[in-house]
Amino acid sequence: HLFLAFSLILILGSIRALNPQIMIDEFFRLYSPLLMFFLATSLMNRRGDAERILLLFAISGIVPLLCSAYHLADCQMNEIYLNGSNRLLGGYQNLRNHALMMLIFSCCGVYFFFRLERKRYKLFTALYTFLSLYFLYLTFTRATLIVFGIFLVTYLYMSGRRLLTATCLIGVTCIIFLSPSLQSRFYDFVRLFSLITATNQDLKALSSLGSGRYGLWSSSLFAYLQSPFYDIVLGLGLGHHWVLTRGAYSGFILIKGGFVDTHNDMLRILYQLGPIALGLFLGIAYQCIQAGRWLIQNAKNFWHRELGALVISLTLCILMNNALSNGINSRTTFGWSFWIIAATGFIMKRELLNRQLRSATRNMESSEDMAQSS
């Protein structure tokens, strides 16, 4: 129901689009990932479909991993220099795309490392996860590194590994304090706190934080709130987020002909479709978390619990990524990947409910037979 309501608002936003070309592009970005989620939960009805989907997706990740390894060996990092760091682009056309896909493969690797029991399989998944994380690190995209940390801690906690969760937190803290490169990449968070709490705020310095994100978000949000009431409620229409960000201060203002992305997928939905659509989107994500919690509470074996932990932790970290940068509403391949994995929680929940229903039916029939014979 939430998906259908979101689709109706999306159609209304398409009618009010900035121009036909942007309308087609934005509609595809916002609609197709959720459509994949809807189709997967609707069509995958056979027993074991959830695990088959995850396994197929993890195996498909071997191709981009090998491609990234090739480009690393080919000294690609010597050619790409951004914000004081050499970066690995891999086989993608965009650093964020590379980082986000490595994030997805890393999360799948963590899941299968705990899911599989045979040592040789564990060794392979450990290598798979390490390479995904290593290539993710070499992109030096801060938001993605943050959300993987959130995923790992949440996954360990939700799967019942409390001691390992505490160990992981301590380990991550030590790595940050011992790594000058990480400290320099995340120094903006320290500056943000100091600038906000300062008596005489340096607005120019504050606006430049996060590669200009703070200034971009605050100025575009102010412009959105100055719109007529019906535009605030229904959104300005597809493509109008470019209008709100075009005049904003941003480190990206000189590229793409003045079309400045929001670098925040929550604001991307809000500006184009309004708060109702944003609430529906968050409602769909919350249903994913609910499905994961149901699996943990009603697990028939340990891997049901692992799958529930995967769906919950991945959903939370993706929402965090959407709030910090571009994500599943801007990058379609990444969006398809996330929603298909999230769908496995619903698929497994339905499978377990069907098992309970069949078991209850057999018990009822058995009781009736015993009553008739007696």
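On a predicted model such as this, the values are computed, not experimentally measured, just so you know.
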Aromatic ring pairing Tyr31/Phe3, orientation class (parallel under 30°, perpendicular over 60°, tilted between): parallel
Whether Asp231 side chain and Leu236 backbone form a donor-acceptor pair below 3.5 Å: no
Trp217 (side chain) donor-acceptor with Thr262 (main chain) under 3.5 angstrom: yes
Close side-chain approach of Phe135 to Phe130, heavy-atom, < 4.5 Å: no
Parallel, tilted or perpendicular, as decided by the 30° and 60° cut-offs, for the rings of Phe124 and Tyr128: tilted
Test item: side-chain donor near acceptor, Ser159 and Arg305, under 3.5 Å: no
Residue pair Ser68 / Met102: nearest heavy atoms and the distance that separates them: OG-CE, 4.2 Å
Side chain Asp265, main chain Gly327, donor-acceptor under 3.5 Å: yes
Aromatic ring proximity, centroids under 6.0 angstrom, Phe346 and Phe37: yes
Aromatic centroids of Phe140 and Tyr137 separated by under 6.0 Å: yes
Pairwise side-chain contact, Ser325 with Asn264, heavy-atom cut-off 4.5 Å (strictly under): no
Minimum side-chain heavy-atom gap Trp294-Leu353 below 4.5 Å: yes
Arg331 side chain to Asn97 side chain, donor-acceptor N/O pair below 3.5 angstrom: yes
Expected output: side-chain Arg96 to main-chain Asn326 donor-acceptor under 3.5 Å: yes
Enclosure of Phe27 CZ (heavy-atom neighbours >12, cutoff 6.0 Å): yes
Flag, side chain of Asn86 to backbone of Met77, donor-acceptor distance under 3.5 Å: yes
Centroid-centroid under 6.0 Å between Phe57 and Phe105 rings: yes
Under 3.5 Å side-chain donor-acceptor pair for Arg268 and Ser330: yes
N/O donor-acceptor pair under 3.5 Å between Tyr224 side chain and Leu244 backbone: no
Under 3.5 Å donor-acceptor, Gln272 side chain and Gly239 backbone: yes
Sidechain-backbone polar pair: Asn19 side chain, Ile22 backbone, donor-acceptor under 3.5 Å: yes
Close side-chain approach of Ile318 to Thr315, heavy-atom, < 4.5 Å: no
Lys NZ or Arg CZ of Arg87 over Tyr81 ring: under 6.0 Å, within 45°: no
Side-chain donor or acceptor of Asp74 paired with backbone N/O of Gln76 under 3.5 Å: no
Aromatic plane relationship, Phe114 with Tyr155 - under 30° parallel, 30 to 60° tilted, over 60° perpendicular: tilted
Donor-acceptor pair between Arg293 and Asn298 side chains, under 3.5 angstrom: no
Beyond-backbone contact of Cys108 with Ile341, side-chain heavy atoms, under 4.5 angstrom: yes
Whether Trp339 and Phe281 hold their rings parallel, tilted or perpendicular, with breakpoints at 30° and 60°: perpendicular
Thr41 backbone acceptor or donor facing Arg350 side chain under 3.5 Å: yes
His241/Tyr271 aromatic ring centres below 6.0 Å: no
Note, Arg52 side chain near Asp49 side chain (heavy atom, < 4.5 Å): yes
